[in-house]
Amino acid sequence: MNFPLPSLIAVSAANPWTYVLFGAIGFAFGYVLEMSGFGDSRKLAAQFYFTELTVLKVMFTAIVTAMVLTFGAVGLGVLDFSQVWVNPTYLWSGLVGGLIMGVGFIVGGFCPTTSLASASTGKIDGMLFMLGGFVGAFLFGETEPLFTNWYNNAGYYGRVTLDQVFGIPVGAVVLLVVLMALFMFWGAEQLERIFGKKDLSKEPRLRVAGAVALFAGAVAVLAIGNPSLEDRYNKVTFTRTETIPQLNADPIVNTYVYTADQMLEKRLVFTSPAEAFKAKYNQAMNPVYLDVRSEADYNLYHIQNAVNVPLGRLTEVIPVLLSEPPANTVFILMSNDETAAVAAWKILVGSSVQNVYILEGGVNNWIAFFGENEKALRPAPNAGDDQLGYIFPAALGSRYESCSPDPIEYEKLEFEQKIILQLKRDKSGGGCG
Amino acid sequence: MTTQIRKSIFKRPEKAYVHPYFGGLVLGIVLFLAFFLTGNGLGSSGATSRIDALIVDSISPSHVDNNPYLLKMAGGDKNPLDDWIVPVFFGALLGGFASGFMNGRLKFMTTKGPHISDRTRWLMAFLGGVIFLYGARMARGCTSGQALSGGATLSAGSWVVMFAIFGGAYGLAYFVRKLWN
C-alpha cells in the first residue's frame, strides 16, 4: 500500500468519510492546542517576553516529531513525498505576510487556530480575535487586486525544500533541524530560569530521554536515505477503464489496474503522431513535448515547440515538472525511435510525474507520418536503433514543414485515444491557501 | 438536580495544562498522520477566507466574479466550503471545546495582561485578528499551515514565514509590553 491514500487527498461528496477524517484531524488538532494551554492568550504572549516559552517548545517539538516521522516513512518507501503537500515558496509575500502576522500575534495574543481553541472554551478575547480574523481575511481579498502581480510572482520558486536550497541530503537537514531544535529547547529553559524565575529541577527527567529518541530517529532517517528510483517505479500503478456498450442496458465498465511495466508492454502509454499533434488543439490539455535526444539531433530536426532535455540531464528538470505546470499538462516524450524515450518515461514515472506519454515510433515515425511529401528529407537506409532515419540538408531545427503540420490540412485525423488525463489535485487546493 | 448537572458540566475541577513537550509530541503525531493519510498538513486560516467567500458569494455573486482572489474559491458553481481545510476548521473548534470540557476550562472570561481593562483587551484581540489574518492570507498560510506544516516538510518558503512571524512579534513586543506585563 502506498500512502497518502489517493481517495483521502481531498474532500469529496462521493466519499463522505473524507469529511469525517478531516474533521477528526481538526478535532485532534484543536484538542491538543487547548490542552497545551493555547486557549489562554497570556501563555502565548509570554513567549515574546521570555517568561514562558511554551509556544516555541510545543511548536518545535511538533515540527521535529512530524518531520522525523514523515521523512522516515518516505525513506522506507511507504509514503510518496511527491504526493505530500509542500508549501510553494513565495519569498516576498511570505516574508511580508509573516511580519504582519507577527504584529497580529503580539497585539492580539493569538494565532488563528489557537483563537479557535480559545473561543470554543468561552474566552471572549478569543472570540473577538476570531471575528477580527474574518474581517482581516475579507480585507485581504478586497485589496489583493491592488498588488496581485507582486503577490503571485515576487520571489516565486515553486516547490522547493531546504535540502535543495543547501544542496545536501534531506536526512542531513532533518538531523540539523533536530539539533537546532534541541539547542533551542535548552536555550528556552535557560531563558525561563532567568526571566521566568522557573525552577528547572522540577522539570521531568523524561524529556532527556525524549531528546535522545529524537536524535536517534534523525540519525536513522539519515542512515535510511531515500528509496531508489527503481523501488519507486515498481510501486507505480495506473488505472484504465474499458466501457463495453450493451444493447438495451447500461454499458459494462471494467476497471483494470496495471503496473508501469504492463503499461509499456501493452503499449498503453505510446501515443500516435496524430494524437500527439491533435493534443495541441485540445482545450482540455496542455501538451509539453519533451525531446530527450542529443542537442545535435535536436538542432537537425525537431517538432515545433519541443523542449530539448537530453536524457542524461532529465533528472535536473524533475522538480520543475513536479511543481510548475498546471494539472492538465501532458508530457509527450520522444527520441528518434523509442529506446531513449522509454528510459526517460521510466525515470519520470518513478519520480511521480503525472500524465507522461511516449511518441509512438519517435521522431522518425513523426516524419514518416507528416513528412511523407517533404522533398528535402531523404531516408537514411543504414540508421541503427534510435538514430535519425533521415538525412537532412541543413540543421533547420523546427523550420521544416513537417515540424509544424498545417492544422487545416490535418483537421481530420483518425487515431486511437491513449492519453487519459489524470488530474492530480489543484495546486491552489493544497495547504492553507 | 438540574443545578447538579450544571455543576457537573460547567464546574468540573480545572486541571493543569499538559507539559509543553508532551503537547508538542502529540501535535507532531497528529500532523504526521495528516500527512501520511491525506498528503495535507494542518491549517485553519484558509477556512476563514473560504467562509468569507461564501458570505460574499451569497450577497453579491458578481463581486466574486470580479475579484480574482475570490474567484478561485467561489467562482461559478464552485462551493467555497468544498475543501479539506473546512472540516479541519470546524473539527478544531469542537476539539478545543472538548478539551476545555474534559479539563474544566469552559468559562466565559477574558485572558489579558494585568494592567489593561477588558475593553482594551477586546479591542486589541479584534485588531490582532484583523492584522493576523490579513498577513496569513498574504503569506498563504498561518502558524499552522505554514510554520507547522511547511516547517515539518522542510519547505524553504515556510521557514522564511516562520522566522518572519517570530521576527515581527519579537520586534514589536517591547513597544506593546503594557498590554501583557
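Computation of the quantities below employed the complete heavy-atom set of this structure, encompassing side-chain atoms and omitting hydrogens, waters and symmetry-equivalent molecules. Order of the sequence lines sets the chain letters (A, B, ...), proteins ahead of strands, with each chain counted from 1.
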Derivation and outcome, ring pair (Phe, Tyr, Trp, His ring centres under 6.0 Å), residues A:Phe129 and B:Phe126: CA-CA 5 Å; A:Phe129 185 98; B:Phe126 182 81; 9.7 Å; no
[X] portion near chain A, given a 4.5 angstrom heavy-atom threshold:
{"X": "B:Asp118", "result": "neither"}
{"X": "B:Phe90", "result": "neither"}
{"X": "B:Lys112", "result": "backbone"}
{"X": "B:Leu94", "result": "both"}
{"X": "B:Ala147", "result": "both"}
{"X": "B:Phe22", "result": "side chain"}
{"X": "B:Val86", "result": "neither"}
{"X": "B:Trp159", "result": "side chain"}

I'd like to know if the side chain of [X] and the backbone of [Y] have a donor-acceptor N/O pair within less than 3.5 Å.
{"X": "B:Asn67", "Y": "A:Gly141", "answer": "yes"}
{"X": "A:Tyr49", "Y": "B:Ala173", "answer": "yes"}
{"X": "A:Ser120", "Y": "B:Leu93", "answer": "yes"}
{"X": "B:Arg121", "Y": "A:Gly108", "answer": "yes"}
{"X": "B:Thr111", "Y": "A:Asp40", "answer": "no"}
{"X": "A:Trp85", "Y": "B:Thr38", "answer": "no"}
{"X": "A:Asn87", "Y": "B:Gly157", "answer": "no"}

Choice from B:Ile55, B:Leu31, B:Thr110, B:Leu33 maximising heavy atom contacts with chain A below 4.5 Å: B:Thr110
Enclosure of B:Met102 CE (heavy-atom neighbours >12, cutoff 6.0 Å): no
Heavy atoms from other residues, nucleotides or ligands near CH2 of A:Trp150 exceed 12 (cutoff 6.0 Å): yes
Is there a side-chain contact between [X] and [Y] in this structure, where contact means two heavy atoms from C-beta onward sitting under 4.5 Å apart?
{"X": "B:Leu133", "Y": "A:Phe140", "result": "no"}
{"X": "B:His19", "Y": "A:Glu203", "result": "yes"}
{"X": "B:Phe89", "Y": "A:Thr113", "result": "no"}
{"X": "B:Phe36", "Y": "A:Thr70", "result": "no"}
{"X": "A:Phe22", "Y": "B:Asn40", "result": "yes"}
{"X": "B:Met162", "Y": "A:Met59", "result": "yes"}
{"X": "A:Leu139", "Y": "B:Val130", "result": "yes"}
{"X": "A:Val174", "Y": "B:Leu154", "result": "yes"}

For [X], is it the side chain, the backbone, both or neither that has a heavy atom under 4.5 Å from a heavy atom of chain B?
{"X": "A:Val160", "answer": "both"}
{"X": "A:Asn152", "answer": "both"}
{"X": "A:Gln164", "answer": "neither"}
{"X": "A:Val32", "answer": "side chain"}

Aromatic centroids of A:Phe110 and B:Phe132 separated by under 6.0 Å: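 No; A:Phe110 has its ring centre 6.0 Å or more from that of B:Phe132.
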Close aromatic pair by centroid cut-off 6.0 Å: A:Phe50 and B:Tyr170: yes
Donor on one side chain, acceptor on other, A:Thr54 and B:Tyr17, under 3.5 Å: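 No.
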B:Ser155 and A:Arg159: side chain donor to acceptor below 3.5 Å: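 Not at all, the side chains of B:Ser155 and A:Arg159 share no donor-acceptor pair under 3.5 Å.
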Pair B:Lys107-A:Thr121, side-chain contact (heavy atoms from CB on, under 4.5 Å): steps then yes or no: CA-CA 6 Å; B:Lys107 194 174 165 195; A:Thr121 51; over 6 Å; no
Distance, nearest 0.5 Å, that separates CD of A:Gln47 from CZ of B:Phe166: 5.0 Å
Pair A:Phe29-B:Ser144, side-chain contact (heavy atoms from CB on, under 4.5 Å): steps then yes or no: CA-CA 10 Å; A:Phe29 187 22; B:Ser144 327; 3.6 Å; yes
Derivation and outcome, ring pair (Phe, Tyr, Trp, His ring centres under 6.0 Å), residues A:Phe185 and B:Tyr21: CA-CA 10 Å; A:Phe185 295 151; B:Tyr21 296 131; 5.2 Å; yes
A:Tyr90 six-ring face occupied by B:Arg140 cation (under 6.0 Å, within 45°): yes
